[in-house]
Enquirer: 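Just dropping this structure here.
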Protein chains: 2
Amino acid sequence: MATPDKKRDTGCPIAFALDTFGDRWSLMIIRDIALRGSRTYGEFRDTPEKIATNVLADRLRELEADGIIQKTRDPENQRKNIYALTEKGCDLIPVVLEMVRWSAKYDRNTKVGDKFLNKIKRDRDGFEMEIRSRLKDR
Amino acid sequence: MATPDKKRDTGCPIAFALDTFGDRWSLMIIRDIALRGSRTYGEFRDTPEKIATNVLADRLRELEADGIIQKTRDPENQRKNIYALTEKGCDLIPVVLEMVRWSAKYDRNTKVGDKFLNKIKRDRDGFEMEIRSRLKDR
DNA sequence: TCGCAAACTTGCTTTTTGCAAGTCTTCATT
DNA sequence: AATGAAGACTTGCAAAAAGCAAGTTTGCGA
């Protein structure tokens with residue numbers, strides 16, 4: 001076998017999900033793309049959470065290898081790489097939104113706009129579609 | 001301040017969620033309670049994923065400190081401790097269910113019953129309630 | 001062609017995980 | 001009352017991952 005990796009592979013969907021993005025940083029990158037419109041290495045690096053550059057490089061590699069994001073050169077500026085969510089990555093939006101909902105309920109310090117929160121509560125699927133199409137129009 | 005911990009605390013709900021349960025094992029324990037009916041240390045330890053006992057002890061401590069699970073002595077057997085989800089913990093069920101849905105779609109090896117999966121797809125909130133009441137009846 | 005932007009690498013220290021073995025308390029049996 | 005074993009953890013150490021600071025590479029723009 002070519003991949004002797006440390007994935008649990010027990011048939012459990014939660015184990016699979018955690019093996020794919022269950023760490024301190026992967027979902028943060030997905031958040032940046034899905035909710036903040038980030039697309040470049042520098043944008044991922046310069047967030048308030050301060051990911052280390054080597055870890056960022058590693059996670060981008062992993063997420064791309066797992067088919068969650070896709071990397072392309074920016075035609076306008078060949079120095080830049082543009083990272084985007086694949087379909088598989090977009091399908092994580094519901095997970096992200098449920099996490100937002102939970103944190104908004106339990107973290108006094110969390111800053112989420114009421115408008116944003118109400119959209120999640122009222123019509124999750126509709127809001128998901130809204131985010132998806134926003135991502136396509138770039 | 002009493003807690004000089006390493007939480008990011010940037011106001012971002014995703015960062016908050018990941019700081020609380022964004023590691024390789026926390027959600028696994030929540031899965032065990034919510035979906036598998038586990039309630040004791042031994043049950044959490046003896047899953048196919050093989051969590052190390054020291055890490056298990058540590059995660060149970062953290063999850064309790066964060067108010068996600070609650071520990072009580074088993075009145076029938078004073079040797080046993082019974083762990084249960086708090087309200088805050090039950091509110092993570094939607095996150096877990098979305099992860100199941102995602103993995104079922106993308107992991108060929110994931111084993112999730114069709115009945116289970118259809119319930120998630122058809123009526124997420126109803127299914128959440130079903131799980132909640134099942135947890136109460138114990 | 002010079003300087004600078006953007007995307008990484010490299011080397012090293014610190015923290016977390018994983019593993020194997022041991023401890024402590026309570027129950028059940030003799 | 002003594003013995004053994006179940007259940008819930010601790011402890012000590014090695015391996016892996018994360019974090020930090022500095023360096024490298026390639027392309028753009030003047």
Side-chain angles (χ1 to χ4, degrees), chain A residues 3-10 15 18-29 32-33 36-66 69-84, chain B residues 3-10 14-15 18-29 32-33 37-66 69-84:
Chain A
T3 28
D5 61 82
K6 76 298 177 195
K7 300 212 169 182
R8 282 167 291 208
D9 194 35
T10 53
L18 291 175
D19 284 343
T20 312
F21 56 81
D23 69 281
R24 214 170 147 66
W25 296 109
S26 298
L27 268 182
M28 211 79 104
I29 294 169
D32 287 338
I33 305 178
R36 297 188 168 175
S38 302
R39 298 194 295 174
T40 65
Y41 190 92
E43 288 172 319
F44 302 136
R45 189 194 47 210
D46 299 334
T47 59
E49 288 87 12
K50 301 197 186 308
I51 184 171
T53 67
N54 55 343
V55 176
L56 174 55
D58 182 68
R59 285 315 110 87
L60 289 171
R61 236 187 319 268
E62 284 184 10
L63 289 171
E64 197 188 6
D66 284 337
I69 62 177
Q70 202 174 6
K71 173 161 84 168
T72 52
R73 272 299 178 74
D74 183 347
E76 322 271 281
N77 183 343
Q78 295 284 116
R79 282 177 297 188
K80 283 188 181 175
N81 286 327
I82 301 227
Y83 292 92
Chain B
T3 27
D5 61 81
K6 77 296 178 196
K7 300 212 169 179
R8 282 166 291 207
D9 194 35
T10 53
I14 299 300
L18 291 174
D19 283 344
T20 311
F21 55 82
D23 70 279
R24 215 171 146 65
W25 296 109
S26 298
L27 268 182
M28 211 79 106
I29 294 170
D32 288 338
I33 305 178
S38 303
R39 297 194 296 173
T40 64
Y41 190 93
E43 288 173 319
F44 302 135
R45 188 194 47 211
D46 299 335
T47 59
E49 287 87 12
K50 301 198 186 307
I51 183 171
T53 67
N54 56 342
V55 176
L56 175 55
D58 182 69
R59 288 310 114 88
L60 289 170
R61 237 189 316 271
E62 283 185 9
L63 288 172
E64 197 188 6
D66 285 337
I69 61 178
Q70 202 174 9
K71 174 161 81 168
T72 53
R73 270 302 179 70
D74 183 348
E76 321 271 281
N77 183 343
Q78 295 285 118
R79 281 176 298 189
K80 282 188 179 174
N81 286 327
I82 301 227
Y83 292 91

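These numbers come from a predicted model, not from an experiment. Worth knowing before you read on, the calculation uses all heavy atoms, side chains too, and leaves out hydrogens, waters and symmetry mates. Each chain gets a letter, A, B and so on, in the order the sequences are listed, and its residues count up from 1.
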Enquirer: Output yes when at least one side-chain N/O atom of K50(B) is less than 4.0 Å from OP1 or OP2 of dT17(C), else no.
Expert: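 So the side chain of K50(B) is outside the cut-off, no N or O lying under 4.0 Å from OP1 or OP2 of dT17(C).
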Enquirer: Which whole-number value in Å describes the distance from D58(B) CG to dC19(C) P?
Expert: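 Taking atom P of dC19(C) as the reference, CG of D58(B) is at 16 Å.
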Enquirer: Once you round it to whole Å, what is the distance between C1' of dA28(C) and CD of Q78(B)?
Expert: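 So the two atoms are 15 Å apart, to the nearest Å.
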Enquirer: Does dA6(C) have OP1 or OP2 under 4.0 Å away from a side-chain N or O of Y83(A)?
Expert: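 No.
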Enquirer: Taking atom C1' of dA7(C) as reference, at what distance in whole Å does atom CG of L56(A) sit?
Expert: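 It is 9 Å, rounded to the nearest whole Å.
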Enquirer: Could you check how far CG of D74(B) sits from C1' of dA6(D), rounded to whole Å?
Expert: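 Whole-Å distance recorded here is 13 Å.
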Enquirer: Rounded to the Å, how far apart are M28(B) CE and dG18(C) C1'?
Expert: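 Checked: the CE to C1' distance equals 14 Å.
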Enquirer: Does atom CD of E64(B) have more than 12 heavy-atom neighbours from other groups under 6.0 Å away?
Expert: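 Count over threshold, so yes.
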Enquirer: Rounded to the nearest angstrom, tell me the gap between atom CZ in R73(A) and atom P in dA5(C).
Expert: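 Value for this atom pair: 18 Å.
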Enquirer: Taking only N and O in the side chain of R59(A), is any of them less than 4.0 Å away from OP1 or OP2 of dA18(D)?
Expert: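 Yes, such a contact exists.
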Enquirer: Taking for each residue the nucleotide of DNA chain D with the nearest heavy atom, is it P75(A) or V55(A) whose nucleotide lies nearer the 5' end?
Expert: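 It is V55(A), whose closest nucleotide lies nearer the 5' terminus.
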Enquirer: Tell me whether the OP1 or OP2 atom of dT9(C) has a side-chain N or O from R61(A) closer than 4.0 Å.
Expert: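 The answer is yes; a side-chain N or O of R61(A) sits under 4.0 Å from OP1 or OP2.
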Enquirer: Is the phosphate of dC8(C), meaning OP1 or OP2, less than 4.0 Å from a side-chain N or O of K80(A)?
Expert: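 The answer is no; no side-chain N or O of K80(A) sits under 4.0 Å from OP1 or OP2.
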Enquirer: In this structure, how many angstroms lie between the P atom of dG7(D) and the CZ atom of R45(B), rounded?
Expert: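 Interatomic distance, CZ of R45(B) to P of dG7(D): 9 Å.
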Enquirer: Give a yes or no answer on whether the side chain of E43(A) reaches the backbone of R39(A) with a donor-acceptor pair at less than 3.5 Å.
Expert: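 Checking the backbone N and O of R39(A) against the side chain of E43(A), a donor-acceptor pair under 3.5 Å is found.
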Enquirer: With R8(A) as the cation and W25(B) as the aromatic partner, state whether NZ or CZ is under 6.0 Å from the six-membered ring centre and within 45° of the axis.
Expert: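 Yes - R8(A) lies over the ring of W25(B), closer than 6.0 Å to its centre and within 45° of its axis.
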Enquirer: Any base atoms under 4.0 Å from N77(B), or only sugar-phosphate, or nothing? Heavy atoms, all strands.
Expert: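 N77(B): backbone/sugar contact only, no base atoms under 4.0 Å.
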Enquirer: Between N54(A) and dG11(C), is there a side-chain N or O to OP1/OP2 distance below 4.0 Å?
Expert: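 Checking N54(A) against dG11(C): no side-chain N or O falls below 4.0 Å of OP1 or OP2.
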Enquirer: Where is the tightest heavy-atom contact between R59(A) and I29(A), given as atom of each residue plus distance?
Expert: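 Of all heavy-atom pairs spanning R59(A) and I29(A), the closest is CB-CD1, 3.6 Å.
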Enquirer: Please state whether the phosphate of dC24(C), meaning OP1 or OP2, lies under 4.0 angstrom from any side-chain nitrogen or oxygen of R79(B).
Expert: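 No, because none of the side-chain N or O atoms of R79(B) sits under 4.0 Å from OP1 or OP2 of dC24(C).
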Enquirer: When rounded to the nearest 0.5 angstrom, what distance separates CG in D19(B) from CD in E49(A)?
Expert: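 Nearest 0.5 Å value for the CG-CD distance: 8.5 Å.
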Enquirer: Roughly, in whole Å, what's the span from CZ in R39(A) to P in dA6(C)?
Expert: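 Rounding to the nearest Å, CZ of R39(A) and P of dA6(C) are 14 Å apart.
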Enquirer: W25(B) side chain N/O closer than 4.0 Å to the phosphate oxygens (OP1, OP2) of dG18(C)?
Expert: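 Yes.
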Enquirer: Out of dG18(C), dA8(D), dT9(C), which has the shortest distance to the side chain of T53(A)?
Expert: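 Among the listed nucleotides, the one closest to the side chain of T53(A) is dT9(C).
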